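These notes are about the structure you will find just below.
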Amino acid sequence: MNKINSKRFFNRLNIINNLNKDLSKNGVNRITLTKKDKQARDIIVSWMKKLGLIVKIDNIGNIFGFNYFEKDAQPIILGSHIDTVRNGGKYDGLLGVLGALEVIEILNNKNKIPKNIGIAIFTNEEGVRFSPDMMGSWSFTKVEKINKIHKIKDDQNITVKQALKEINYLGKEKQLFFKPKYFLELHVEQGPLLDIYKKDIGIVKGVQAINWLYISLLGQSNHAGTTPNSKKVDPNKVFSKILNFINKKTYSNSKQLATVGKVEYFPNQTNVIPNKINFTIDIRNKDDLKLKNFRKELIKQINFYSKCYSIDFKIKELVNFKSVKFNQKINNIIKKNVLKNKFSHMNIYSGAGHDAQMLSKICSTSMIFIPSLRGISHDKKEDTKKQQILNGLRLLLNVTEDLLKIN
Ligand code: HGY
Ligand code: MN
Ligand code: MN
């Protein structure tokens with residue numbers, strides 16, 4: 001029976017995470033297409049090559065490794081992402097990439113090297129530097145022209161294409177240069193359910209819809225001390241109403257999620273009434289229609305209060321991903337292997353977006369979740385027990401072995 005090589009896996013995980021010098025203090029900072037991302041990419045590519053994999057890079061910097069490559073082969077692809085949010089956790093994304101490498105290494109060690117299997121590392125899953133998130137897997141599915149994606153800029157006005165060139169990962173392979181038969185992603189839950197219900201494994205049924213808005217509220221700068229309240233053209237008057245609306249709609253047991261995560265004030269000085277407030281809203285809901293209605297109501301509110309306080313506004317949509325359901329056939333195979341391994345488990349819906357959300361549009365896709373202790377993620381305190389990680393790796397291996405048998 002094939003066995004996970006725990007020492008090899010954790011050694012690789014530590015090598016990559018320890019590229020972050022102040023890991024314990026600030027968590028992991030592997031922002032997409034930066035030097036830190038390149039460092040990790042180069043090391044993992046060297047491990048892929050040492051395994052004898054054929055490495056191919058596409059035009060958004062996605063990295064693929066194949067035992068054997070033939071354009072129409074339709075392989076099983078395992079993988080995830082390695083970029084992180086700022087001060088992120090040790091397992092988000094990297095677990096799925098190194099888990100895929102571990103599984104392929106085990107399967108290749110047998111006398112018969114499985115032809116139809118590969119690994120994927122998708123660019124910019126987090127969307128921290130360039131929107132949208134899941135950019136690499138979104139681009140791979142060819143739903144948007146690459147030249148349009150290449151022109152997307154970060155806050156420093158650097159384009160995706162420039163950033164890819166800077167780290168030498170502007171690959172020559174085109175979007176969707178091959179089509180996977182199956183895509184399977186191992187990931188930490190990033191939420192509290194498996195931890196609360198003390199389950200080893202989450203069989204992921206799907207992912208909720210995601211909508212990111214970037215809003216600018218435009219007022220008039222003036223002296224904070226001399227401008228009478230009746231004369232203030234202060235965008236805070238609208239911003240506070242928007243925050244109240246969001247708080248009202250996202251009461252504790254509502255399934256509607258909306259987060260204002262990024263706010264910038266201009267000119268951002270204590271004694272100056274701001275002339276502009278730029279902020280993002282991350283809106284999520286399992287139900288596409290409910291998300292759409294919330295978004296419509298939100299925009300109506302912005303319209304109404306902007307008129308009341310003579311504030312102009314601009315709204316730009318950065319992300320609009322519908323909810324997806326994962327493949328039942330793969331989930332049945334996951335369930336079969338969960339029972340075989342006597343893992344406790346539950347069906348679960350993913351609150352976080354994932355590359356699998358994009359891949360599910362072009363091939364049979366699913367995910368395996370392992371617990372996030374205290375449900376914490378996107379933070380240095382993200383943590384999972386060693387045995388829980390080994391359970392996830394074993395399950396990824398067993399499910400892949402079964403997929404190979406039917407593929
Ligand atoms: O935004 C997300 O849910 C993912 O972590 N990129
Ligand atoms: Mn992730
Ligand atoms: Mn993430």
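What you are looking at is a predicted structure, and each value in this text was computed from that prediction instead of being measured. Whatever order the structure lists them in is the order used to number ligands and atoms, beginning at 1. By convention here, the first residue in the shown sequence is residue 1. Side-chain atoms are counted along with the backbone in the values below, which use heavy atoms only and exclude waters and symmetry mates.
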- [ ] May I ask you to list the protein N, O or S atoms found at less than 2.8 Å from the Mn ion (ligand 3)?
- [x] D92 OD2, E126 OE1, E126 OE2, H378 NE2
Open item on the list: Between the side chains of E105 and R8, is the shortest nitrogen-to-carboxylate-oxygen separation below 4.0 Å, so that they form an ion pair?
Closed with: yes
Open item on the list: Checking side-chain polar atoms at under 3.5 Å, does N29 have a donor or acceptor matched by the opposite partner on N87?
Closed with: yes
- [ ] Could you tell me whether E297 and K292 have a side-chain N and a carboxylate O separated by less than 4.0 Å?
- [x] no
TODO: Would you kindly say whether D92 and H378 are connected by a side-chain donor-acceptor distance under 3.5 Å?
DONE: yes
TODO: Could you tell me which non-hydrogen atom of T141 sits nearest to which non-hydrogen atom of W138, and how far apart they are?
DONE: OG1-O, 2.6 Å
Open item on the list: Check this for me: does any side-chain nitrogen of one of D154 and R129 sit under 4.0 Å from a carboxylate oxygen of the other?
Closed with: yes
Task: N-O pairing of K336 and D402 below 4.0 Å - done: yes
Open item on the list: Using 2.8 Å as the threshold, say whether any N, O or S atom from H187 sits that close to the Mn ion (ligand 2).
Closed with: yes
Open item on the list: Quiz question: by atom type and distance under 3.5 Å, do the side chains of D22 and N26 form a donor-acceptor pair?
Closed with: yes
Pairs of nitrogen or oxygen atoms, one from ligand 1 and one from the protein, closer than 3.5 Å: please tabulate them with distances.
residue: ligand 1; atom: 1 (O); partner: D133; partner atom: OD2; Å: 2.8
residue: ligand 1; atom: 1 (O); partner: R284; partner atom: NH2; Å: 2.9
residue: ligand 1; atom: 3 (O); partner: R284; partner atom: NH1; Å: 2.7
residue: ligand 1; atom: 3 (O); partner: R284; partner atom: NH2; Å: 3.2
residue: ligand 1; atom: 3 (O); partner: G353; partner atom: N; Å: 2.7
residue: ligand 1; atom: 5 (O); partner: E126; partner atom: OE1; Å: 3.2
residue: ligand 1; atom: 5 (O); partner: H378; partner atom: NE2; Å: 3.3
residue: ligand 1; atom: 6 (N); partner: E125; partner atom: O; Å: 3.1
residue: ligand 1; atom: 6 (N); partner: E125; partner atom: OE1; Å: 3.3
residue: ligand 1; atom: 6 (N); partner: E125; partner atom: OE2; Å: 3.2
residue: ligand 1; atom: 6 (N); partner: E126; partner atom: OE1; Å: 3.3
residue: ligand 1; atom: 6 (N); partner: D133; partner atom: OD2; Å: 3.3

Task: 4.5 Å side-chain heavy-atom contact, L194 and I348 - done: yes
Task: Residues R284, D282: salt bridge by 4.0 Å N-O rule - done: yes
